[in-house]
Structures are given as structure tokens and as C-alpha cells.
Amino acid sequence: MDKSLYKGIWIFAEQKEGILNGTPLELLAKAIELKKINGDEITALLLGNHVEPLADTLISYGADQVIVIDHPVLKEYKTIPYTEATVKMIKKYKPSIFLFGATTIGRDLAPRIMARLGTGLTADCLDLKLEKDGTLVQTKPSYGGNIMCTITIPDHRPQMSTVRPKVFTAIQAEPGRTGKIVLENIDVTEDESTQVLSVSPKETNGEPIDKAEIIVAGGRGIKAKEELALLEELAKLIGGRVAVSRPLVDEKWMTHEDQIGQSGNTVKARFILNIGISGAVQYIVGMQNSDCIVTINKNPAADIFHISSYGAVADYSELLPAIITEIKKRK
Amino acid sequence: MKILVFIKQVPDTINVRIDPKTGNLDRTGLKGVINPFDNNALEAALKIKEETGATITVVSMGPPQTEESLRIALAMGCDEAVILCAKELGGADTLATGYTLASAVKKIEDYDLLLFGRHAVDADTGQCGPIVAEFLNLPQITFATSIKVEENHVICERDFDDCIQKVKVKLPAVVTVCAEINEPRYPSPLGIMKAMKKPLITWTHEDMGCDTERIGKNGSPSIVREIFEPEHTQKDTIMFSGETDEIAKSIVDLLEQQHLI
Ligand SMILES: Cc1cc2nc3c(=O)[nH]c(=O)nc-3n(C[C@H](O)[C@H](O)[C@H](O)COP(=O)(O)OP(=O)(O)OC[C@H]3O[C@@H](n4cnc5c(N)ncnc54)[C@H](O)[C@@H]3O)c2cc1C
Ligand SMILES: Nc1ncnc2c1ncn2[C@@H]1O[C@H](COP(=O)(O)O)[C@@H](O)[C@H]1O
């Protein structure tokens with residue numbers, strides 16, 4: 001393979017029902033950093049039906065070029081047509097790097113494309129660096145975050161990654177920024193073997209936790225399910241929502257939608273209060289990018305204190321009622 | 001109906017360390033177990049077998065000790081096992097693994113449903129299922145949280161980030177399953193006894209007619225450059241101390257400062 005034929009940084013502009021799904025803007029922010037190394041253009045690949053209006057948004061967040069494939073078959077996400085359309089574009093334009101969000105769609109689609117092209121794909125990256133010669137150095141967790149690996153794809157192109165959501169921060173949009181919009185008219189074959197029967201929102205306790213700005217999180221230190229009411233009350237008073245570490249999901253006190261961590265959701269809150277959580281890596285990777293991290297734990301040696309901005313060594317069953325009383329007094 | 005389940009043997013704990021002397025993973029004392037999500041795939045297959053009388057072949061690529069995990073799968077109720085084992089298969093990334101697994105499927109010939117775990121807990125990638133689907137040109141459903149077989153279709157609910165998607169695909173197909181899908185069973189003593197008599201076959205890359213350029217290290221575009229233990233940036237934590245009431249006041253001060261009340 002002649003690597004010199006491959007140029008440019010691509011991101012997959014995931015959208016659902018005409019709305020950009022979080023990660024594309026984060027991927028663009030990272031692409032802007034990579035571009036500083038070798039000046040390669042940033043292209044967003046946008047697939048869907050009636051999605052062209054999103055192209056301007058992608059440009060305002062840093063894309064130099066948006067390639068749009070607007071086709072009725074791409075209206076709804078289906079693996080096989082999306083693979084076909086993306087592979088056609090890769091073969092035509094030959095990007096050197098292709099980033100996807102490590103969302104359901106990204107994790108479903110990227111390996112399929114990588115297999116069709118016979119290249120490498122690194123899953124769930126937490127960091128990406130570009131070397132002068134164009135090698136992408138990808139950092140990914142393994143063993144549930146206990147070990148980190150750096151992975152390269154030296155002799156194959158494109159170098160593909162899925163990137164964990166919420167790890168990079170979108171830049172401020174620059175309205176009116178100009179860029180190229182390319183409409184690609186290609187045939188996309190309908191996949192008759194697959195039928196989407198329905199799409200329904202998940203039942204959640206309020207807003208999705210990955211969008212929550214203010215979180216009150218409880219862990220195995222919470223003694224009984226009823227005690228979660230204390231957390232609910234506090235969350236209500238500060239305009240937040242309750243989330244949990246995994247043991248409380250295993251106990252079925254809350255659902256997987258409420259779980260923070262490696263096998264749950266990544267959050268990036270403005271304020272997060274950890275209550276009765278010890279701070280296992282699998283929990284920490286899901287919340288460490290939050291701004292103000294506050295911890296209440298009765299064990300002064302709990303690891304969670306190391307990543308907290310503020311902490312208190314206390315029994316929550318005494319401290320939470322005292323906090324709630326104090327807030328009510330001041331309101 | 002014939003179901004193939006793909007399982008990987010992984011260390012029994014993910015609390016692994018790096019040996020500071022060699023810079024490699026310290027594997028001393030680590031026992032191998034079936035990747036937890038693959039137990040969900042096995043359970044899903046066994047339930048379908050109970051309903052439809054399907055037969056189940058369990059397949060794993062790995063070193064000879066992988067046989068232990070395959071015996072457990074047989075004891076749970078699978079009918080036969082295949083271990084893909086040869087020195088040349090070692091050092092494979094997901095592309096080379098996917099190619100090898102797909103080669104095994106082609107040799108098996110007769111199959112309706114291919115079940116995988118959502119990901120293996122050691123490498124954390126979740127790519128093998130879709131890769132095998134691609135090599136065999138099959139439809140796929142990833143992250144399934146429920147599964148039902150209906151004549152020549154499989155219907156799953158799948159985790160679709162903030163939504164649940166219900167999808168129906170034609171068989172043969174690949175499905176990767178989440179932990180929510182079921183509670184895996186344990187092998188019974190009778191199952192363990194029966195397992196000893198069930199067929200467990202070994203195939204090398206040659207038996208499957210693999211292209212040697214596409215297996216093991218040769219067939220792997222990805223290279224691990226370095227492994228390390230993550231550093232957690234230690235913050236200068238400000239600790240609130242005093243009586244409960246004083247701590248509560250300090251925390252509420254902080255909440256005010258953050259404009260939360
Ligand atoms: C593959 C894999 C994936 C995983 N994914 C996740 C994940 O996504 N999310 C996740 O959270 N975990 C995950 N885990 C589990 C993780 O390793 C830990 O077991 C888990 O995070 C521990 O939860 P915890 O901190 O709530 O409980 P514990 O570790 O039991 O900590 C409880 C804490 O509460 C404190 N406490 C007890 N009583 C009180 C009291 N009265 N007042 C104040 N403090 C008190 C204790 O001092 C202790 O620090 C995963 C594990 C594996 C193997
Ligand atoms: N060596 C292997 N042998 C058999 N199945 C495997 C192997 N590696 C991965 N798998 C299957 O692929 C799934 C995803 O693995 P991975 O892509 O490595 O995260 C696992 O849950 C298994 O079902």
C-alpha cells in the first residue's frame with residue numbers, strides 16, 4: 001500500500017433523525033489539534049436523508065469540508081448501507097485518518113468498514129496524537145481501564161479509531177466560518193435482510209445522565225434502597241439528577257441508564273457529588289472529566305478523594321440531612 | 001437450526017498489573033475463565049436450544065488451555081466444541097482474529113445464528129462480531145438486550161444509546177449480546193460428566209485453509225507500541241473538616257459559590 005496517496009483527517013458525522021449526535025463536534029475538536037501537526041484538511045462525512053443543513057454546523061465547528069450523501073436508504077441507520085456508502089467515499093478520497101465516536105453506531109459500523117478495507121481500527125480511544133510522519137498514536141484502555149495501551153497502524157490506511165464520547169470538548173462554534181460542501185450522488189443499495197421494527201426512548205429517571213450538568217452519585221456505601229431518597233431530595237434542591245456506581249445497578253436499585261463508568265455512561269458534569277463511592281478505575285473513567293468533583297466518604301483512604309476537588313470524611317446518613325436542612329434554611 | 005457461539009478465554013480478574021522489570025503484563029497466578037459477556041451468549045444459545053431443539057457448536061481461538069473454557073461450555077449444554085489452535089495464530093489483532101473465526105465458520109458450513117459477547121474484557125474492543133459478519137457477508141445486530149428466533153428470522157432489542165431499537169434480520173446472522181440479556185447458568189454436576197464425552201476438536205490454520213498472510217501477527221495491521229498503568233492526576237483536594245454541621249455549612253457555601261442554590 002502506498003501510504004503517500006492517503007491524506008486528510010476524516011470524522012464520521014453521526015446523526016440521528018437529523019440531529020448531530022454529540023460526538024461529531026468532539027471529534028472535530030480533536031481533529032483541529034491533529035491538523036496543527038501536519039496541516040491536513042478536516043473532512044466530515046455526513047450520511048442521511050435531508051441532512052444537508054447540518055453541513056454548516058459542522059463547518060462552524062471546524063470542518064474544512066463536508067461530504068454529504070443524502071439518500072432515502074440512509075434515512076435510518078442500518079449497518080450494511082452505511083458501510084457501503086462510507087467505503088465508497090474512502091476508496092474515492094483516501095483519507096489517512098478516520099475517527100468515529102465510540103457510540104452504538106460507531107462501534108457497529110467502524111469494524112465492518114475496517115474489515116472490508118483490511119485496515120486497523122482501535123476501539124474506544126481516550127487520546128490521539130499525530131507524529132510528523134503521519135502516524136496516529138492511539139491510546140486505549142484495556143482490562144477495564146487498569147491498563148492503557150498505545151496502538152499504531154503503521155502500514156495500512158486509513159488509520160481508524162472509535163473515540164469515547166465526552167473525552168474531548170467541542171470548540172466554541174464560529175458562525176459564518178466558510179468551508180466546502182460536496183454533495184455526492186451515489187447509489188446505495190437497500191438492505192432487505194434487515195428491518196428496523198421500532199425505536200423507542202429508554203426509560204430514565206429524568207434527563208440522560210451523559211447530558212446532566214449536576215449529578216448526585218451514590219455507591220455501595222448507601223445502606224438501603226430507601227436511603228436513595230436522601231440523594232433524590234438533595235438532587236432536587238440543587239437542580240441535578242441522581243446517578244449510581246455499578247453495584248447499585250447490580251442490586252437493581254437503579255438501571256443501567258443511571259450507571260456511571262466504563263460499562264455504564266461517561267459523564268462530564270459541571271458539578272458531581274460522590275457519596276459512598278470508593279473510586280475504582282472503572283468508575284473514575286466515567287466521570288473524571290467533570291469540573292467540580294466533590295466526595296463524601298467515611299473512609300479517609302478512599303481513592304476517590306485523589307481525583308476530587310473537595311472532600312469530606314463523613315457518614316452520609318448524618319451529613320446529607322444536615323446539608324438538606326442548611327440549604328432549606330438559606331433558601 | 002444450528003447456532004455457533006464464539007467464546008474467548010480471559011484472565012479471571014481485570015485487576016492486572018504491569019511487571020516493572022519486563023514492562024509486560026504480570027500474568028502470574030491469573031486463571032483463565034470464559035469472557036463474562038460470552039457466558040451471556042452461551043445462555044442465549046441454550047435458551048434457544050430449549051425452545052427449538054437447535055444444536056450448538058462453541059468455537060474459540062486460543063492457546064491449548066482454552067480447552068478448559070470449552071469444556072465448561074459443553075457442560076453448560078453445548079453439543080460440540082472447536083478450538084482453533086496453532087502457534088501461527090498467536091499475536092492476532094481483531095482483523096486477524098475475525099478472519100480466523102470466519103474461516104472456521106466456512107469450514108463448519110452449516111449455520112443459522114452466530115452469537116458473540118458484546119466485547120472481551122481484556123482488550124475491550126467488541127469488534128470481532130461485526131468483522132466476522134463482514135467476512136461472511138451476513139447481517140448483524142450488535143448490543144442485543146433481548147433475542148427471539150422466529151422461523152428464518154431473529155428479532156432483537158438493542159441498546160441504541162439513548163433509545164432501544166427493535167430490529168429483525170434474516171438468518172443466517174451475527175448477534176452480539178449485552179449482559180442485560182439474561183442470567184447465565186452454571187454447569188451442573190451431570191452436565192460436567194456429560195461434557196467429558198462430547199466432541200472437542202482442534203483445528204489449525206491449515207485445517208481451515210487459512211491464508212498465512214492473514215492470520216496471527218502477519219495478518220494484524222495494528223501494533224501495540226506500549227502498555228502502561230494509567231496515572232490519575234492527583235488533585236489538591238480541599239478537605240472540609242469539623243462537626244457534621246460545620247461540614248454541611250462548608251458544602252452549602254460551595255453550592256452557593258457554584259450557583260447551584
Ligand atoms: C469489566 C468491569 C466493568 C466495570 N464497570 C463499572 C462501571 O461502569 N461503573 C462502576 O461504578 N463500576 C464498574 N465496575 C466495578 C468497579 O470495579 C467497582 O467494583 C465499583 O465501582 C465499586 O462501586 P462503589 O465505589 O460504589 O463500591 P465500593 O467499592 O464498595 O465502595 C463503597 C464506598 O462507600 C464508603 N461508605 C460506606 N458506608 C458509608 C457511609 N455511611 N457514608 C459514607 N461513605 C460510606 C466506603 O468507605 C467505600 O469507599 C466494573 C468492574 C468490571 C470488572
Ligand atoms: N479468540 C477468540 N475466539 C473466539 N471468539 C472470540 C475470540 N476473541 C473474541 N471473540 C468473540 O468476539 C467477541 C468480542 O471480542 P473482542 O472483539 O475481542 O472484544 C467476544 O465476546 C467473543 O464472543
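In what follows, every heavy atom counts, from backbone to side chain, and hydrogens, waters and symmetry copies are set aside. The chains referred to below are lettered A, B, ... by the order of the sequence lines, with proteins before strands, and numbering in each begins at 1.
Highest contact tally toward chain B, considering only Val196(A), Val294(A), Leu237(A), is held by Val196(A) [criterion: heavy-atom pairs under 4.5 Å]. Ranked by heavy-atom pairs under 4.5 Å with chain A, the list Val252(B), Ile261(B), Leu254(B) is led by Val252(B). Chain A forms the most heavy-atom pairs under 4.5 Å with one residue out of Lys170(B), Met239(B), Arg17(B), and that residue is Met239(B). For the set Ile153(A), Val199(A), Thr150(A), Ile105(A), the count of heavy-atom pairs under 4.5 angstrom toward chain B peaks at Thr150(A). Interface summary for chain A: among Gln258(B), Gln140(B), His119(B), the most heavy-atom pairs under 4.5 angstrom belong to Gln140(B). Annotation: maximal heavy-atom pairing with chain A below 4.5 Å, among Val132(B), Asp245(B), Leu171(B), Val167(B), occurs at Val167(B). Contact count versus chain A (heavy atoms, under 4.5 Å) is highest, among Gly242(B), Pro139(B), Ser220(B), for Pro139(B). Counting heavy-atom pairs closer than 4.5 Å to chain B, the top residue among Lys331(A), Glu192(A), Lys140(A) is Lys140(A). In terms of heavy-atom pairs under 4.5 Å with chain B, the best-connected choice from Pro321(A), Gly239(A), Cys292(A) is Cys292(A). Contact tally against chain A (heavy-atom pairs below 4.5 Å) for Thr13(B), Asp93(B), Ile155(B), Asp159(B): the top residue is Asp159(B).
Counting heavy-atom neighbours within 6.0 Å of Glu256(B) CD, excluding the residue itself, gives a total above 12.
For Glu180(B) and Arg118(B), the salt-bridge test fails: no basic side-chain N is under 4.0 Å from an acidic carboxylate O. One finds no salt bridge joining Lys2(B) and Asp112(B) here, because no Lys/Arg side-chain nitrogen approaches an Asp/Glu carboxylate oxygen to under 4.0 Å. Under the 4.0 Å criterion applied to side-chain N and carboxylate O atoms, Arg116(A) and Glu84(A) are not assigned as salt-bridge partners. Taking a cutoff of 4.0 Å between a charged side-chain nitrogen and a carboxylate oxygen, Glu233(A) and Lys236(A) do not qualify as a salt bridge.
Defined by atom type and a distance below 3.5 Å, a donor-acceptor pair is present between the side-chain atoms of Arg246(A) and Ser263(A). A donor-acceptor contact closer than 3.5 angstrom links the side chains of Tyr77(A) and Asp108(A). A donor-acceptor contact closer than 3.5 angstrom links the side chains of Thr104(A) and Asp161(B).
Contact annotation for Ile164(B): both backbone and side-chain heavy atoms come within less than 4.5 Å of a heavy atom of chain A. Looking at Glu213(A), neither its backbone nor its side chain comes within 4.5 Å of chain B, counting heavy atoms on both sides. Only the side chain of Asn21(A) comes within less than 4.5 Å of a heavy atom of chain B; its backbone N, CA, C and O stay farther away. Of the two parts of Ala133(B), the backbone and the side chain both hold a non-hydrogen atom closer than 4.5 Å to a non-hydrogen atom of chain A. If you measure heavy-atom distances from Phe135(B) to chain A, the contacts under 4.5 Å come from the side chain alone. Using a 4.5 Å cut-off between heavy atoms, Asp253(B) contacts chain A through both its backbone and its side chain. For a residue to count as touching a neighbouring chain, one of its non-hydrogen atoms must lie under 4.5 Å from one of that chain's; by this rule Lys16(A) touches chain B with the side chain only. Only the side chain of Phe271(A) comes within contact range of chain B, with at least one heavy atom under 4.5 Å from a heavy atom of that chain. Interface remark: Thr79(A) contributes side-chain atoms only to the contact with chain B (heavy atom separation under 4.5 Å). Heavy atoms closer than 4.5 Å to chain A are found nowhere in Ser241(B), neither backbone nor side chain. At a 4.5 Å heavy-atom cutoff, the contact between Ile131(B) and chain A is made by backbone and side-chain atoms alike. Of the two parts of Phe143(B), only the side chain, counted from C-beta on, holds a non-hydrogen atom closer than 4.5 Å to a non-hydrogen atom of chain A. Both the backbone and the side chain of Ile147(A) come within contact range of chain B, judged by heavy atoms closer than 4.5 Å.
Residues Gly279(A) and Ile304(A) approach most closely at CA-CB, 3.8 Å, considering heavy atoms. When all heavy atoms are compared, the tightest approach of Gly117(B) to Thr176(B) is O-CB, 3.8 Å. Considering every non-hydrogen atom in both Ala314(A) and Ile296(A), the closest pair reads O-CG2, 3.9 Å.
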